[in-house]
Novice: 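The structure that follows is given in the form of structure tokens.
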Amino acid sequence: MKYTSTALFSLLLASACLYSCSPNPYASTNREHKKQLKAYSKQLRTVPAIDPETSTLTFGEHWVGTTNFSLRRPNFVVIHHTAQNSTDHTLKTFTKPQTQVSAHYVIGRDGKVYHMLNDNLRAWHGGNSRWGNNTDLNSSSIGIELDNNGAEPFEEAQISSLLEVLAMLKETHGIPAENFIGHSDIAPVRKVDPNATFPWKRLAEHGYGLWYDEGVVEQYLQPAAPITVLDSTGTEPVLILQPLDSISTIPPHFNPKEALRIIGYDTRDMPAAIRAFKLHFIQDEVSMELTEKDKIILYNLYQKYL
Ligand SMILES: [Zn+2]
């Protein structure tokens, strides 16, 4: 089919308009978002923040505000899968007040990114959660939801966008590598997201999360053979030498519960903590029990968190 230049121009104009001129279906919830921002900024502008008239505290003679401050900074990133069938479904969920759930970012299967909340504000994505002694992850983290039904692999376009978002967040907020974690890590009893196909190893290779030294596991799976020293006749063994690298890398006093706790897991429900650990670091076999191989991985990994 051939187009005249005028027809082609009109077609281009029409397609550009389709994106920028179509009404935003979220116009009314965007207005509500701005209204809430206004209320919070009013709260921030209220000085002194504690009313001396109603407080029982004894204050100094004058209110004195410091000149040296900034916004609080997020220090964790928590990754989720939505367990829903489309990005639209999730956007609707996060704009309905009655659901009481939200995230800073939603990333579609097609890689499209929706930045729903300023990074410096508190989204409601972690729920009842714990990581180390931090019991309010929502206050210190950025929540990222990946559109995924919970049982399927993640699309390449989606992971590629996620890596770009993570690079931006790490750069902007200076988030340490070990603080890129999953929802199941911080809520092991209640949550199993992101699912076992999530590429945690790939993320760690880019500096988002930690990973174990795979060499120690290979060593465990293929231990070097012992060397037998024979007597002078060359027939009777007198000594069997165990090569250093075939000796177990786990000391006898190693305590898996303490190791999981040091990494950050809430170990009050140990089987759930093990399942969360395996969902993140083992992935091809997710159960509530640690095998010898899992213990070697855990021992190697927890030393990186010390
Ligand atoms: Zn989640």
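Predicted model only: the values in this text are computed from it and were never measured. Order of listing sets the numbers, starting from 1, for every ligand and every atom in it.
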Novice: Please confirm if an N, O or S atom belonging to H183, backbone or side chain, lies less than 2.8 Å from the Zn ion (ligand 1).
Specialist: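 So H183 does bind the Zn ion (ligand 1) by this criterion.
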
Novice: Any sub-3.5 Å donor-acceptor pair from H206's side-chain atoms to R202's backbone N or O?
Specialist: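 Yes, H206 side chain to R202 backbone: donor-acceptor pair under 3.5 Å.
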
Novice: Is the distance from the Zn ion (ligand 1) to the nearest N/O/S atom of E145 under 2.8 Å?
Specialist: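 No.
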
Novice: Do H173 and N75 get their side chains close enough for a donor-acceptor pair, meaning under 3.5 Å?
Specialist: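 No, N75 and H173 have no side-chain donor paired with an acceptor closer than 3.5 Å.
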
Novice: Using a cut-off of strictly less than 2.8 Å, determine whether H125 has an N/O/S atom near the Zn ion (ligand 1).
Specialist: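 Of the N, O and S atoms in H125, none lies under 2.8 Å from the Zn ion (ligand 1), which means no.
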
Novice: Does F69 sit in a hydrophobic cluster with other residues, and if so which ones, taking ILVMFWY side chains as linked at heavy-atom separations under 4.5 Å, directly or through other members?
Specialist: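 Members besides F69: none; it forms no cluster.
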
Novice: So which of the N, O or S atoms of H80 lies nearest the Zn ion (ligand 1)?
Specialist: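 H80's closest N, O or S atom to the Zn ion (ligand 1) is named ND1.
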
Novice: Find, among atoms of D193 that are N, O or S, the one nearest to the Zn ion (ligand 1), and state its name.
Specialist: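 Restricting D193 to its N, O and S atoms, the minimum distance to the Zn ion (ligand 1) goes to OD2.
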
Novice: If only side-chain N and O atoms count, and only distance matters, is there a donor-acceptor pair under 3.5 Å linking S86 with D88?
Specialist: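 No.
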
Novice: Determine the interplanar angle of the Y105 and H115 rings, folded into 0 to 90°, and report it as parallel if under 30°, tilted if 30 to 60°, perpendicular if over 60°.
Specialist: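 Ring orientation, 0 to 90° scale: parallel.
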
